[in-house]
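Below is one structure; the comments refer to it alone.
Chain letters run A, B, ... following the sequence lines, proteins first, then strands; residues in each count from 1.
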Amino acid sequence: MMASALRGSLVTLAKGLSGARLQPFCARSLSLTSSQNVSESPPARADSTFKVTMVPGDGVGPELMTAVKEVFKAADVPVEFEEFHLSEVQNMASEEKLEEVLSSMKNNRVAIKGKIHTPMEYKGELASYEMRLRRKLDLFANVVHVNSLPGYSTRHNNLDLVIIREQTEGEYSSLEHESVSGVVECLKIITREKSRRIAKFAFDYATKKGRSKVTAVHKANIMKLGDGLFLQSCAEVAELYPKIKYENIIIDNCCMQLVQNPYQFDVLVMPNLYGNIIDNLAAGLVGGAGVVPGESYSAEYAVFETGARHPFAQAVGRNIANPTAMLLTAANMLRHLNLEYHSNMVSEAVKKVIKQGKVRTSDLGGYASSDEFTRAVISNLAI
Amino acid sequence: LADVSHVMGAIKTQSPLPRTFSRGIQTVTLIPGDGIGPEISTAVMKIFEAAKAPIQWEERNVTAIKGPGGRWMIPPEAKESMNKNKIGLKGPLKTPIAAGHPSMNLLLRKTFDLYANVRPCVSIEGYKTPYTDVDLVTIRENTEGEYSGIEHLIVDGVVQSIKLITEDASRRIAEYAFEYARNNQRTSVTAVHKANIMRMSDGLFLRKCREVAENFKDVKFTEMYLDTVCLNMVQDPSHFDVLVMPNLYGDILSDLCAGLIGGLGVTPSGNIGANGVAIFESVHGTAPDIAGKDLANPTALLLSAVMMLRHMGLHGHAKKIETACFDTIRDEKVLTKDLGGNAKCSEFTADICRRVQDMD
């Protein structure tokens with residue numbers, strides 16, 4: 001009971017950071033059991049379905065979203081999706097589309113999305129649609145859960161890391177200019193306010209989830225002012241949480257330690273670019289981009305997406321992408337919506353299929369197609 | 001024994017480098033460094049003596065001094081020695097966080113225009129890590145990029161760091177990477193970038209790499225996003241061959257690759273400069289906690305010295321010393337603490353010296 005209340009209140013927690021006075025998300029008067037054995041049937045649903053914004057994105061995004069929809073249908077999940085197809089590479093992007101997506105998200109407050117690919121060529125705007133979406137919704141914290149899947153062994157087993165990345169500033173400021181012909185300057189912006197905000201988020205998250213250590217990742221020996229400010233902000237916030245151990249580590253040493261001894265880390269917090277690198281590195285440690293779920297939080301909204309965000313364009317139409325990451329993300333989303341029963345049902349089914357090892361997609365060394373995997377998950381739903 | 005080539009054939013022209021030549025002995029500037037630097041430098045000198053390598057060492061110190069005009073610079077004796085000998089071997093130097101003077105390594109780089117940092121990462125037989133089939137080289141642009149050192153405090157609480165990418169530097173490093181690939185029989189060069197996010201800066205770097213690739217049709221050229229490289233590197237490092245990238249990514253990736261083969265204690269590294277200058281170094285830290293206690297592992301500095309021998313064309317001696325080192329590690333009888341044993345640095349060195357002498 002306590003656990004579900006705790007988990008569901010991450011949005012409330014994030015809200016508290018900005019101090020905004022907002023309506024509680026919706027009157028959920030259901031009392032849900034949060035035990036592991038979900039053999040009892042769900043209590044009668046009083047209200048209607050939840051509405052969630054869905055942006056499939058590019059590459060294998062649409063295929064993965066189909067998998068999510070199929071599993072939700074089979075599990076009878078009371079969630080209704082509002083789909084928007086926003087894509088820069090497929091020429092389906094425009095200001096109006098972006099506005100539509102934003103207003104839908106502002107209404108529903110919860111979204112699930114795939115990766116909106118950023119092409120390398122740019123026409124005028126240096127910031128991609130994905131970045132602008134993040135900035136407009138102020139999705140400042142990206143959380144990636146790196147957990148080893150039981151039954152699938154990699155070089156490092158039993159990993160349990162949380163990677164928290166500041167997502168709105170840093171190297172991704174899109175402030176570039178060519179000062180002289182042949183010389184390009186790119187600005188990296190670090191502010192005390194945002195560094196403090198992400199540090200506070202990290203420590204609050206660690207406290208809520210019962211984690212023992214937060215490690216800040218930086219390169220302050222070279223970027224003394226920039227990363228130095230980030231580090232200082234983290235240290236200041238750390239003093240408010242005496243129960244949580246605080247350490248810091250330089251990014252290159254961190255990468256090295258992650259491949260040699262990743263068990264020394266618990267929660268990691270870092271600015272934008274390093275977050276991108278470590279997210280992907282850690283995802284690779286437990287099995288790749290196909291198995292790691294993640295989410296992005298702002299003070300008011302929660303957007304659920306996979307941990308390592310790649311469109312995986314070479315797999316489009318070949319039915320080989322691994323739906324695990326997206327299904328686990330969807331399960332996390334259900335937990336966020338306080339649909340504990342359905343959340344556990346979906347995640348248990350996925351984990352069971354992986355553990356059995358008979359149906360696995362090619363990235364995990366198997367021969368199954370995405371469809372086959374989805375069907376295996378559906379048949380394993382403990383309804 | 002598998003013929004593992006750690007050759008660093010970096011020279012643009014095939015003519016021999018101008019170096020001080022006296023009775024066939026070549027002089028090399030030695031910078032012992034701080035912390036464990038002096039001990040491991042002594043170890044390397046002993047091993048070279050046992051192998052009868054025609055090297056004469058000139059020791060120099062590079063602690064920063066404030067020159068005229070208030071700018072920090074390295075002592076003039078060190079600079080002169082390096083310019084004369086062209087080849088250097090360096091131990092670890094201290095880089096303090098938020099101190100008064102700039103990083104020593106940065107200073108060295110600026111003084112000699114060391115634009116390319118080359119780190120070959122090959123799995124060491126006998127030193128088991130979870131990754132057994134690593135054989136790649138990271139070539140990192142070392143003068144600009146995110147480490148330009150240009151930072152400003154805009155208003156209180158807002159800091160801006162400038163990342164600089166220039167056409168010339170990008171072209172130079174791309175050319176070096178392709179030449180290295182050609183001289184060392186490597187099949188492909190991969191440019192690592194984040195041009196989808198940093199569209200102008202990394203876009204420029206990528207364009208230059210593509211242009212240079214046109215002139216080297218015998219080497220395969222691919223480009224990959226940094227996050228994809230990280231993702232694939234930890235799952236299957238055998239896919240990668242030569243990687244070329246700007247400064248920050250290179251720093252991170254080269255340390256990542258060093259972690260795959262066993263850490264900084266066993267990774268060699270070389271820096272190539274503009275006027276034929278080449279400084280080989282061990283990239284680990286100064287390890288102040290074990291300094292002076294005869295516990296340090298000289299492998300990294302030794303392998304860098306081997307890289308140096310190959311660069312100078314002394315392949316016979318290089319092979320001898322490298323084989324002796326790998327044999328000692330494979331035997332597992334005399335290993336320093338970080339390699340899993342509990343021998344002293346001097347014992348480890350003595351074992352290698354004995355093997356080298358036995359080979360004659």
Side-chain angles (χ1 to χ4, degrees), chain A residues 117-122 126 128 131 154-156 171-172 174-178 181-193 219-229 251-253 255-260 273-274 276-285 287-289 308-310, chain B residues 95-99 103 106 129-131 146-154 156-168 194-206 225-235 248-249 251-256 258-260 262-264:
Chain A
H117 184 58
T118 32
M120 285 198 275
E121 300 74 33
Y122 54 97
L126 275 180
S128 63
M131 274 198 280
T154 56
R155 292 182 177 98
H156 310 272
E171 298 81 350
Y172 291 23
S174 317
L175 294 165
E176 296 180 282
H177 54 268
E178 189 159 5
S181 161
V183 176
V184 173
E185 282 186 355
C186 172
L187 302 181
K188 162 180 166 164
I189 311 283
I190 301 273
T191 57
R192 180 175 294 135
E193 189 192 319
K219 189 94 189 149
N221 53 341
I222 301 292
M223 286 183 256
K224 297 176 177 145
L225 286 184
D227 284 354
L229 180 59
I251 173 78
D252 32 345
N253 191 14
C255 288
M256 196 165 7
Q257 296 301 322
L258 275 170
V259 290
Q260 296 189 294
L273 179 69
Y274 311 148
N276 186 227
I277 295 171
I278 304 244
D279 279 349
N280 283 277
L281 214 170
L285 291 177
R309 302 182 279 213
H310 299 268
Chain B
T95 299
I97 296 186
S103 141
L106 257 170
T129 60
Y131 302 89
E146 298 81 349
Y147 293 10
S148 52
I150 312 172
E151 291 186 292
H152 315 285
L153 184 69
I154 311 212
D156 180 44
V158 179
V159 173
Q160 135 190 323
S161 299
I162 297 192
K163 161 178 165 163
L164 207 63
I165 298 278
T166 57
E167 227 178 83
D168 291 333
K194 268 214 90 61
N196 54 344
I197 302 290
M198 289 179 251
R199 288 163 160 173
M200 278 175 92
S201 32
D202 280 356
L204 175 60
F205 177 80
L206 201 56
Y225 290 132
L226 175 63
D227 43 5
T228 313
V229 172
C230 286
L231 187 64
N232 294 336
M233 183 74 76
V234 293
Q235 295 186 283
L248 176 69
Y249 314 151
D251 192 9
I252 298 174
L253 265 184
S254 54
D255 277 1
L256 175 60
L260 297 177
L264 294 178

- Should A/L175 and B/Q160 be marked as a side chain to side chain contact (heavy atoms under 4.5 Å, CB included) after you check the CA-CA gap, both sets of side-chain angles, and the distance that decides it? CA-CA 11 Å; A/L175 294 165; B/Q160 135 190 323; over 6 Å; no
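- In this structure, the portion of B/L248 lying under 4.5 Å from any heavy atom of chain A is its side chain and not its backbone.
- No side-chain heavy atom of A/C255 sits less than 4.5 Å from a side-chain heavy atom of B/D255.
- Across A/R192, A/Q257, A/H177, the residue that shares the most heavy-atom pairs under 4.5 angstrom with chain B is A/R192.
- Ranking B/A258, B/G263, B/G259, B/G203 against chain A, the residue ahead of the rest is B/G259, based on heavy-atom pairs under 4.5 Å.
- Between A/E193 and B/V158, every side-chain heavy-atom pair lies at or beyond the 4.5 Å cut-off.
- How far CD1 of A/I222 is from OG of B/S161: 11.5 Å, rounded to the nearest 0.5 Å.
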- Verify side chain to side chain contact (heavy atoms under 4.5 Å, CB included) between A/N276 and B/L226, making sure each step is shown before the conclusion. CA-CA 9 Å; A/N276 186 227; B/L226 175 63; 5.5 Å; no
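- A distance of 11.5 Å separates CE of B/M198 from CG of A/L187, quoted to the nearest 0.5 Å.
- The CG atom of A/D252 sits 7.5 Å away from atom OG of B/S254, with the distance rounded to the nearest 0.5 Å.
- Of the listed residues (A/G288, A/G228, A/A283, A/A308), the one with the most heavy-atom contacts under 4.5 Å to chain B is A/G288.
- Contact annotation for B/I162: both backbone and side-chain heavy atoms come within less than 4.5 Å of a heavy atom of chain A.
- With a threshold of 4.5 angstrom between heavy atoms, A/L225 approaches chain B through its backbone and through its side chain.
- Counting heavy-atom pairs closer than 4.5 Å to chain A, the top residue among B/I154, B/D156, B/I150, B/V229 is B/D156.
- Between B/Y225 atom OH and A/N280 atom CG the span is 13.0 Å, to the nearest 0.5 Å.
- Among the candidates B/D168, B/L264, B/D251, B/L206, the residue making the largest number of heavy-atom pairs closer than 4.5 Å to chain A is B/D251.
- Counting heavy-atom pairs closer than 4.5 Å to chain A, the top residue among B/T129, B/D202, B/L253, B/T166 is B/T166.
- Considering CD1 of A/I190 and CG of B/L153, their distance stands at 12.5 Å, rounded to 0.5 Å.
- For A/H117, the part lying under 4.5 angstrom from a heavy atom of chain B is the side chain only.
- Between chain A and the residues B/T228, B/L231, B/V234, B/N232, the most heavy-atom pairs under 4.5 angstrom are made by B/L231.
- Side-chain atoms of B/L164 and A/V183, non-hydrogen and from C-beta on, do get closer than 4.5 Å to each other.
- Here the side chains of A/V259 and B/M233 are not in contact, with every heavy-atom distance at 4.5 Å or above.
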- When you look at B/I197 and A/E171, which way does the side chain to side chain contact (heavy atoms under 4.5 Å, CB included) test go after all the steps? CA-CA 9 Å; B/I197 302 290; A/E171 298 81 350; over 6 Å; no
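- Partners of B/E151 under the salt bridge (Lys or Arg N to Asp or Glu O under 4.0 Å) rule, at least two apart in sequence or in another chain, do not exist in this structure.
- Here the side chains of A/T118 and B/R199 are in contact, with some heavy-atom distance below 4.5 Å.
- Using a 4.5 Å heavy-atom threshold, the side chains of A/E178 and B/L204 count as separate.
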- Should B/Q235 and A/T154 be marked as a side chain to side chain contact (heavy atoms under 4.5 Å, CB included) after you check the CA-CA gap, both sets of side-chain angles, and the distance that decides it? CA-CA 9 Å; B/Q235 295 186 283; A/T154 56; over 6 Å; no
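- How far CD1 of B/I165 is from CD of A/E185: 11.0 Å, rounded to the nearest 0.5 Å.
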